[in-house]
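What follows is a set of notes on a single structure, which appears directly below.
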Amino acid sequence: MLVTAVNELEQQWRAVRDALRDEVGDAAYSTWLEPLVAAEVDGDRVVIGAPTPFLRDWVMQHYADRIRSVWQHVNPQVRRVALDVRKHAVAPVVRPPAPPPNASVAPAIRPASDGAARSHPLIEDYSAPIDPRFTFDNFVVAKSNDFAFAAAKRVSSADRPPFNPLFLYSGVGLGKTHLMHAIAWEIRRQDPDRRIVYLSAEKFMYQFVRALTTNSTLSFKDLFRSVDLLMVDDVQFIGGKNNTQEEFFHTFNELIERGSQIVISADRSPSDLEDLEERVRSRLSWGLVADIHPTTYELRLGILHSKAARMPNVVVPDELLQFLAERITSNVRELEGALNRVVHQSTLLGRPLTLDVAQDVLRDVLRANEKRITIEEIQKAVVAHYNLKPADMQSKRRSRVVARPRQVAMYLAKQLTPRSLPEIGRRFGGRDHTTVMHAVRKIEELMGEDDSILRDVDALRRRLQG
Ligand code: ADP
Ligand code: MG
């Protein structure tokens, strides 16, 4: 009896883990989820064991909701997920990733920990695996990300650092990590012996604190100071901890002096990293700062097409891709996750790839994308941003100072809410849907030509989404 229960638990856990791996990608999966064990089911509650408190907290914060909802799909009885620290859970292992899809074309590519490990045994403790799916080839380029893309390419093909550091920033799920991994692949392809360390700022801190407690700070420092390319992802998490900042700063300076390339990412610009010391902040902006803007409908559709085309034995109807591109506007990660979930339903459960099924499977995501922002909030934010009166959003005045912000508001309403054009028109003083469509086109066009509009729209979007 007990044996069956344990087996069932294991089986469910395996299904859940497979689905999660698809959603979060190999890199995140092996860092955060692989070390977990399914400890027990207790009524409607699953208990998951993590090897360390750090990992437990991280998973709790970042993945607990996903685990719960995926588990619910596998076993509808499960309603809650708890995490605790279990000694028998395995400690995180950093495994070399599977070779990239084009490995046969470029046999020189080797996983991050491999090449470097020969010369420095410690390096594999520090660098996270490089995700084979994140290559330049797989990155869909559009106006919103072409600058960051070009900068990343430049870094990966130059003999000497063309700018140092390269600082990438954007909201979540817009491709920063993808570009960093792509740089690593490209550099490794050209020279497998280059020492590359890629890790999250959080992991950097974790490793640093661990080195402190085991008295191995010296080798830690040596290690970091001997790499050719150091990439630290999500540095907004470094703030606060003072000696880590200190360490980061010194490592950083030394590497730059030695001519090693540094690539940093964050969810905001260097000057907005309030938790960082001033000198660290200003140092970060010495090189090239490149931001990735939120996606447009076209980019989302492009990404879905490219993803779907790479799925073996699945033909996803255009109608479904368009639906997802239209409705899931938050970020690319969620967009991909949604596509994967729908396709899963079809490959695992044999459900057809229709809008109905998508709507059913994605209820939670769709709702989250929907309730996020209202037209009223958008109007309020625009009025405040441009110093207007609330009535200006409805008025018939056509002078540029009022009309342009109103168009911006309509554009944002189309982008950030699921409202239809006629609905949006009604909320802007009963305008016709063609007026809204014109506004959306106009702003899209202006964003390509006029930096100030682009900045306004971005600032507003950030404010609304943050
Ligand atoms: P970030 O680090 O900015 O939070 P990621 O790089 O992790 O975002 O991207 C989230 C997911 O979206 C990844 O699976 C990534 O491959 C995908 N993605 C983001 N931008 C693009 C793009 N332009 N083309 C293809 N995939 C993308
Ligand atoms: Mg990232």
Side-chain angles (χ1 to χ4, degrees), residues 19-33 58 61-63 66 97 100-101 128-153 156 166-186 198-204 231-238 263-269 289-311 321 324-325 328-341 343 365 458 461-462 465-466:
L20 287 172
R21 186 203 291 264
D22 280 350
E23 269 180 44
V24 306
D26 287 342
Y29 176 82
S30 63
T31 309
W32 307 114
L33 302 172
W58 177 271
Q61 237 174 36
H62 294 86
Y63 298 106
R66 286 309 309 142
I130 309 295
D131 193 316
R133 297 169 312 152
F134 294 167
T135 60
F136 285 126
D137 281 352
N138 286 350
F139 194 82
V140 182
V141 185
K143 196 137 196 70
S144 58
N145 59 24
D146 63 352
F147 186 62
F149 178 80
K153 276 225 128 163
S156 67
L166 169 60
F167 187 102
L168 299 170
Y169 78 92
S170 76
V172 293
L174 294 177
K176 300 181 294 295
T177 300
H178 188 130
L179 286 178
M180 291 172 111
H181 286 231
I183 293 173
W185 282 123
E186 184 53 29
Y198 162 84
L199 80 181
S200 65
E202 213 128 21
K203 223 164 172 207
F204 181 88
M231 298 199 273
V232 185
D233 208 348
D234 289 321
V235 296
Q236 70 272 12
F237 294 125
I238 272 195
V263 183
I264 302 285
S265 88
D267 69 352
R268 62 201 86 163
S269 73
V289 177
D291 60 340
I292 303 176
H293 300 284
T295 58
T296 57
Y297 172 78
E298 279 66 32
L299 176 59
R300 292 195 293 275
L301 194 59
I303 289 171
L304 289 170
H305 269 294
S306 138
K307 272 282 289 181
R310 288 169 206 269
M311 292 177 162
L321 298 180
L324 295 176
I328 301 182
T329 54
S330 47
N331 64 56
V332 183
R333 181 172 306 130
E334 232 172 50
L335 190 66
E336 286 188 333
L339 177 65
N340 285 338
R341 277 167 74 184
V343 170
V365 189
D458 270 355
R461 196 194 302 256
R462 252 169 248 212
Q465 286 178 330

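Both counts, for ligands and for their atoms, begin at 1 and track the order of listing.
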> Just which atoms of ligand 1 are under 4.0 Å from any heavy atom in N145?
Replying inline: 23 (N)
> How close does the nearest protein non-hydrogen atom get to atom 11 (C) of ligand 1, and which residue and atom is it?
Replying inline: E336 OE1, 3.5 Å
> If you look at every heavy atom in M180 and V263, which pair is closest and at what distance?
Replying inline: CE-O, 3.5 Å
> Between V365 and R341, is a side chain to side chain contact (heavy atoms under 4.5 Å, CB included) present by the stated rule, with each step listed?
Replying inline: CA-CA 11 Å; V365 189; R341 277 167 74 184; 3.2 Å; yes
> Based purely on interatomic distance, does D233 place a nitrogen or oxygen under 3.5 Å from a nitrogen or oxygen of ligand 1?
Replying inline: no
>> Does T177 form a side-chain hydrogen bond (donor to acceptor under 3.5 Å, both in side chains) with D233? I'd like the steps, not just the answer.
In response: CA-CA 7 Å; T177 300; D233 208 348; 2.6 Å; yes
> Where do S170 and K176 come nearest, in terms of heavy atoms and distance?
Replying inline: OG-NZ, 3.0 Å
> With backbone taken as N, CA, C and O and side chain as the heavy atoms from C-beta onward, which portion of N138 lies under 4.0 Å from ligand 1: side chain, backbone, both, or neither?
Replying inline: backbone
>> Please check this pair: side chain of D22 against backbone of A19, looking for a donor-acceptor N/O pair closer than 3.5 Å.
In response: no
>> Below 4.0 Å, non-hydrogen atoms only: which portion of V140 touches ligand 1? Side chain, backbone, both or neither.
In response: both
> For atom 7 (O) of ligand 1, what is the nearest protein heavy atom, given as residue, atom name and distance?
Replying inline: R333 NH2, 2.8 Å
> Just which atoms of ligand 1 are under 4.0 Å from any heavy atom in V172?
Replying inline: 4 (O)
> What distance separates D291 CG from L174 CG, expressed to the nearest 0.5 Å?
Replying inline: 10.5 Å
>> I want to check something: taking the side chain as every heavy atom from C-beta on, are F149 and F136 in contact at a cut-off of under 4.5 Å?
In response: yes
>> Among all the protein's non-hydrogen atoms, which is closest to atom 6 (O) of ligand 1, and how far away is it?
In response: H178 N, 2.8 Å
> Which residue supplies the protein heavy atom nearest to atom 4 (O) of ligand 1, what is that atom called, and how far is it?
Replying inline: G173 N, 2.6 Å
>> Using only atom types and a distance under 3.5 Å, with no angle test, would you say the side chain of N331 pairs donor to acceptor with the backbone of E334?
In response: yes
> Among L299, L304, T295, L301, whose side-chain contact (heavy atoms from CB on, under 4.5 Å) with V140 holds?
Replying inline: L299
> What do you reckon, does L174 have a nitrogen or oxygen under 3.5 Å from a nitrogen or oxygen of ligand 1?
Replying inline: yes
> In the protein, which heavy atom is nearest to atom 2 (O) of ligand 1, and how far is it?
Replying inline: T177 OG1, 2.7 Å
> G175 heavy atoms, cut-off 4.0 Å: which ligand 1 atoms fall inside?
Replying inline: 1 (P), 3 (O), 5 (P), 6 (O), 8 (O), 9 (O), 19 (C), 20 (N)
> Nearest protein heavy atom to atom 12 (O) of ligand 1, by residue and atom, and its distance?
Replying inline: V332 CG1, 3.1 Å
>> Taking 2.8 Å as the distance threshold, tell me the number of protein N/O/S atoms next to the Mg ion (ligand 2).
In response: 1
>> Strictly distance-based, threshold 3.5 Å: is any side-chain N or O of E186 a donor or acceptor partner for the main-chain N or O of S156?
In response: no
> Minimum heavy-atom separation for I130 to A184, with atom names?
Replying inline: CD1-CB, 3.8 Å
>> Given N138, which partner from the list H181, K307, H178 fulfils the side-chain contact (heavy atoms from CB on, under 4.5 Å) test?
In response: H178
